[in-house]
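Read the structure below first, then the notes.
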Amino acid sequence: MNTRKRPPRPLLLIFAASMAQTGVAQTVTYLAPAKTEINLGEAVTVHVDQGTGDKAVQADWPADDIRWMLVRSGPTQQNLDTIKPTRAGEQTVEITPEYAGVTLVAMDLERPVKLEPVESLRAFGTRHLADELPETLERLADTATVRVRRLESTKTLICVED
């Protein structure tokens, strides 16, 4: 058993990355390929699932919310700042890996800054931090609000057979 005390973690980043709102489950986004194993030269469609826990369902493709997307196959990486569904009316994109092995498809979503009540941040800190709440948080008035940007990244792996 590791008894070493963990160093302090940046509270705001942790809060933004996994914002726990009192009584409300957080929605999580997943990239999901139609198949996880394909042959070289074969295309695979990828869609977005959203939900809480194991209750994720296919969602609309977040074309306007994609901050950055990449497809890494073999020694190459394709960086994309916009990617729209392959066919009009569908909610999937088509990826054709160029090399055998494992292809990584990943994206970061752009989320707006939101104002949250300080009590929400304190509740999160109480539930998820091993140590006491940081002094800065303690000093804020109970009626204060804090600016929070949720960081949301997702990825999937596809096995490409030669």
Would you say that [X] contacts [Y] through its side chain, given a criterion of any heavy-atom pair below 4.5 Å between the two side chains?
{"X": "Val146", "Y": "Leu140", "value": "yes"}
{"X": "Tyr30", "Y": "Thr156", "value": "no"}
{"X": "Leu80", "Y": "Trp68", "value": "no"}
{"X": "Lys35", "Y": "Ile158", "value": "no"}
{"X": "Val105", "Y": "Pro33", "value": "no"}
{"X": "Glu110", "Y": "Arg149", "value": "yes"}
{"X": "Tyr99", "Y": "Thr76", "value": "yes"}

Remaining members of hydrophobic cluster (4.5 Å side-chain criterion), Leu115:
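Leu115 clusters with nothing; isolated.
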
So which residues get pulled into Val57's cluster when ILVMFWY side chains under 4.5 Å apart are joined, directly or through others?
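Other cluster members: none.
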
For residues [X] and [Y]: do they belong to one hydrophobic cluster (side chain heavy atoms under 4.5 Å, members Ile, Leu, Val, Met, Phe, Trp, Tyr)?
{"X": "Leu109", "Y": "Val71", "result": "yes"}
{"X": "Val102", "Y": "Met69", "result": "no"}
{"X": "Val28", "Y": "Val46", "result": "no"}

What are the two closest non-hydrogen atoms of [X] and [Y], and how far apart are they?
{"X": "Val93", "Y": "Pro85", "answer": "CG1-CA, 4.0 Å"}
{"X": "Val148", "Y": "Glu116", "answer": "CG2-CG, 4.1 Å"}
{"X": "Gly41", "Y": "Thr96", "answer": "O-CG2, 3.9 Å"}
{"X": "Leu40", "Y": "Ala100", "answer": "CD1-N, 3.7 Å"}
{"X": "Met107", "Y": "Leu31", "answer": "CE-CD2, 3.7 Å"}
{"X": "Val44", "Y": "Ala34", "answer": "CG2-N, 4.0 Å"}

Can Thr45 and Glu94 be counted as having a side-chain donor-acceptor contact under 3.5 angstrom?
no

Going by atom types only, do Thr29 and Glu152 share a side-chain donor-acceptor pair under 3.5 Å?
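Yes - a donor-acceptor pair under 3.5 Å links their side chains.
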
side-chain contact (heavy atoms from CB on, under 4.5 Å) partner of Pro97, chosen from Leu104, Asn39, Val160:
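Only one of Leu104, Asn39, Val160 forms a side-chain contact (heavy atoms from CB on, under 4.5 Å) with Pro97, namely Val160.
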
Determine, for Asp108 against Lys155, whether the closest basic-nitrogen to carboxylate-oxygen distance falls under 4.0 angstrom.
no

Under 6.0 Å from the CG atom of Asp162, do we count more than 12 heavy atoms belonging to anything else shown?
no

Rounded to the nearest 0.5 Å, what separates atom CG in Leu70 from atom CD in Gln78?
9.5 Å

Does the His47 side chain pair with the main chain of Gln91, one donor and one acceptor, at a distance under 3.5 Å?
no

